[in-house]
Peer 1: 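Quick one: this structure, given as structure tokens, is what I'll be asking you about.
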2 protein chains.
Amino acid sequence: MAKGAQPKRPSIHDVARRAGVSAATVSKVMHGVPTVKAENAERVFEAVRQLGYRADPLASDLRRSKRRIIGAIVPELESEFFGSIVTHLERLAERRGYTLVAASSGESEEREAEILRRMEDWRVAGVVLAPVRDEHGPAGEMMRAQGMTGVMIDRVLSDKTFDTVSADSLSASAEVARELADRGHRHVLVIGLGEQGACVRARLEGFRRTAEALDPQMRIDVLLSESSVEPLRGAIRDYFSRGERPTAVFSLFLKGTLVALSEFRRRGWHCPDDISLIGFDDAEWMQVTWPSIAAVVQPVERIAAHAMERLFRRIDGETGPPMARLEPCRFLVRESIGMPRQERRQGPKISVVET
Amino acid sequence: MAKGAQPKRPSIHDVARRAGVSAATVSKVMHGVPTVKAENAERVFEAVRQLGYRADPLASDLRRSKRRIIGAIVPELESEFFGSIVTHLERLAERRGYTLVAASSGESEEREAEILRRMEDWRVAGVVLAPVRDEHGPAGEMMRAQGMTGVMIDRVLSDKTFDTVSADSLSASAEVARELADRGHRHVLVIGLGEQGACVRARLEGFRRTAEALDPQMRIDVLLSESSVEPLRGAIRDYFSRGERPTAVFSLFLKGTLVALSEFRRRGWHCPDDISLIGFDDAEWMQVTWPSIAAVVQPVERIAAHAMERLFRRIDGETGPPMARLEPCRFLVRESIGMPRQERRQGPKISVVET
DNA sequence: ATGAAAGCGCTAACAT
DNA sequence: ATGTTAGCGCTTTCAT
């Protein structure tokens, strides 16, 4: 297996030479320009076949001063949600002859800005940004300043410059409130990440308003951590340690659901007997555990589809005011939601060892 | 917010003009070539600052005939494992001044080949391929044929052309076998995806050999689905319906663990009282559920790190025979592993409704 | 119907 | 120490 210098790939000139025409003609043939003599076209195709020629899209883009590249920036790639978003965006971009270049900001606004800068260096045609915080982050500002073409998704509700596409958090949370109120819950803990800006606010408000409308007496405690998950875990732990005993927990984001579960474990509380749980964001495992976990499912595919549609319209020159689109969620009621128990047995405070 | 044509970004010539030097000099300054008069360098920096100039890396790559782009191809982006792999690769590539372009093959070899073709069109400097099946898939062949630079990871053990980096499946599975044998399990069901080639074979053999060495009487049933997960689910269902009652299930891949759990649910079996469960591949949720799920943790970070290290060495011209690297896994014993029960109570055959 | 020439934004020899 | 020139691989007038 000789490791020799790989034979440089044939260029358009190699094809031209072989076909006995000029590079310009080859280019025309490749683009289906009809003013080429059939015979020459045939020779070109033959040469292309023989050499295995494939055009370099980047060189082509350079010359046309228009890159067929879409950038996607997401807070993380490890989650089902964003992984799925990126997968869809990838397919949608390809369908239009574009290549998606995805990058993850690791929940850091500095990195987010850094990545955006690199995408602008690449002169991408457009960007799908799922900001770490919300539309007011540094990335959004950069996009405005640079006059970039882009769409924002997920942790945004609307923006004064860019089209936005996100889940209808307000309605979804309202539905959750309805479900809990119906079952007689009158003390609910809501947990979330404050950093996620407008989005978390909508989820919170949707819940609060509906809950208060249905049962003005309902006690709603809210625990928000400004930035990361661990402080939130601490806050929840404190909260329970103070003796607070809500009958249900509503987590506004996936990791919060995990944290809630693990805090229940620590205290030996079982779902839904000791406490009910509902999470924003569904995951595959939630339907196979005991109990299965109730969740709000975000319409990933529709979010991706509409984001791309808006983006391509803007790339194609559509002007007009930014549109803010909200896609409806589904609420999956599963076993983790029960009735509140009246007599509150003190849960045994053993902490289960995890190996 | 005028939507006017965005002001074209300044080119190196704009900077040159403004600084009163040639483009070549600007280029030198940007690359830290020391033979530039300090004063001129200063003027260039000033012009760069004023114009907000940033070089176009793609144009630069074109001229140098060397792209600072690494391609990554993974079977899916929705899983923690590959999401995490890609995230790490991204950072590692950046650290060397490269950009990672990731794509997902959706577990399809056709798509895998298609993506690889596009990456070759892009003239990427190298490719990290996590093949759908194993090193013998079409993508590997293409890479060989094209003389591409690349590294294979995950579902491979070794290759005759390319460096490979993967988890030490054999040892990990042996450890699982030891644990189960120690606890007295004498009838184990192993489930996996046949398509995943050498990798699954290693996981299976590692288990089988050790188990048989420790307890020649141990009964090991194996259910492999050739391609996708759903047929496997069917096979498992049939298997249990026939009255088979292994005391433990060992899943060779993440989705299999989910399937096993959901089949347990259908039958109302609880873990580990009715049956024990161990899965290859860890996930965040596995430690917060009741019971927590025992799992083999793949060394994601090390796999990514070594893959990139090998890749860059090859890009930098290292020759020599391909290296096959195996990274050790950790085995997390959790609550889903118990002792086998002698008297086998017939589990109630209710199927739990999932909404 | 075709090709020569110019050039996208950049870099690398080579002069000076 | 700097600028001129040529050209990476491609596309696009614009003559012919």
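Atoms considered below: every heavy atom in the structure, side chains included; atoms not considered: hydrogens, waters and symmetry mates. Small disclaimer: the values here were computed from a predicted structure and weren't measured. Letters A, B, ... are given to chains in the order of the sequence lines, protein chains preceding strands, and every chain is numbered from 1.
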Peer 1: What residues in residues 21-34 of chain B put a non-hydrogen atom under 4.0 Å from any atom of DNA chain D?
Peer 2: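 Only Val21(B), Ser22(B), Ala24(B), Thr25(B), Lys28(B) qualify.
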Peer 1: Base, sugar-phosphate alone, or nothing: which one does Ser65(A) contact when heavy atoms must sit under 4.0 Å apart?
Peer 2: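 Answer is sugar-phosphate: Ser65(A) comes under 4.0 Å of backbone atoms only.
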Peer 1: Round to the nearest Å and state the distance from Asp121(A) atom CG to dC8(C) atom P.
Peer 2: 19 Å
Peer 1: When the distance from NZ of Lys8(A) to P of dC8(D) is rounded to whole Å, what number comes out?
Peer 2: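 Interatomic distance, NZ of Lys8(A) to P of dC8(D): 8 Å.
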Peer 1: Within this structure, what is the NZ-to-P distance between Lys66(B) and dG7(D), rounded to whole angstrom?
Peer 2: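 Whole-Å distance recorded here is 23 Å.
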Peer 1: How long is the line joining CG of Leu62(B) and P of dC8(C), in whole Å?
Peer 2: 13 Å
Peer 1: Apply side-chain hydrogen bond (donor to acceptor under 3.5 Å, both in side chains) to Asp154(A) and list each qualifying residue two or more places apart in sequence or on a separate chain.
Peer 2: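 Asp154(A): no side-chain hydrogen bond (donor to acceptor under 3.5 Å, both in side chains) contacts found.
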Peer 1: On DNA chain D, compare the nucleotides closest to Leu58(A) and Gly20(B); which residue's is nearer the 5' end?
Peer 2: Gly20(B)
Peer 1: Roughly, in whole Å, what's the span from CG in Asp56(B) to P in dG7(C)?
Peer 2: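 The answer, rounded to whole Å, is 19 Å.
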Peer 1: For Arg54(A), give me all partners under side-chain contact (heavy atoms from CB on, under 4.5 Å), at least two apart in sequence or on another chain.
Peer 2: Arg9(A), Arg117(B), Asp121(B)
Peer 1: Which residues pass the side-chain contact (heavy atoms from CB on, under 4.5 Å) test with Glu42(B), sequence neighbours left out?
Peer 2: Phe45(B)
Peer 1: Answer yes or no: does a side-chain N or O of Ser60(A) lie under 4.0 Å from OP1 or OP2 of dT11(D)?
Peer 2: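 For Ser60(A), the contact criterion (side-chain N or O under 4.0 Å from OP1 or OP2 of dT11(D)) is met.
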Peer 1: Between Leu51(A) (CG) and dG9(D) (C1'), how many Å, whole number?
Peer 2: 15 Å
Peer 1: Under the salt bridge (Lys or Arg N to Asp or Glu O under 4.0 Å) test against Asp61(A), which residue among Arg67(A), Lys66(A), Arg68(A) passes?
Peer 2: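 Single pass found, and it is Arg68(A).
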Peer 1: Write down the distance between CZ (Arg63(B)) and C1' (dG9(C)), rounded to a whole number of angstrom.
Peer 2: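 One finds 11 Å between C1' of dG9(C) and CZ of Arg63(B), rounded.
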Peer 1: Suppose we screen for side-chain contact (heavy atoms from CB on, under 4.5 Å). Which residues come up paired with Glu110(B), at least two apart in sequence or across chains?
Peer 2: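 Glu110(B) satisfies side-chain contact (heavy atoms from CB on, under 4.5 Å) with Ser108(B) once adjacent residues are dropped.
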Peer 1: In whole Å, I'd like the distance from the NZ atom of Lys37(B) to the P atom of dT16(C).
Peer 2: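 Rounding to the nearest Å, NZ of Lys37(B) and P of dT16(C) are 20 Å apart.
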Peer 1: Under 4.0 Å between any heavy atoms, over every strand shown, what does Ser11(B) touch: base, sugar-phosphate, or nothing? Just pick one.
Peer 2: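 The answer is sugar-phosphate, as Ser11(B) gets under 4.0 Å only of primed atoms, P, OP1 or OP2.
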Peer 1: Would you check if there is a donor-acceptor pair between the side chains of Thr164(B) and Glu135(B) at a distance under 3.5 Å?
Peer 2: no
Peer 1: Which residue pairs satisfy the ring-ring contact (aromatic ring centres under 6.0 Å, His included) criterion with at least one member in residues 69-120 of chain B, sequence neighbours excluded?
Peer 2: Tyr98(B)-Phe312(B)
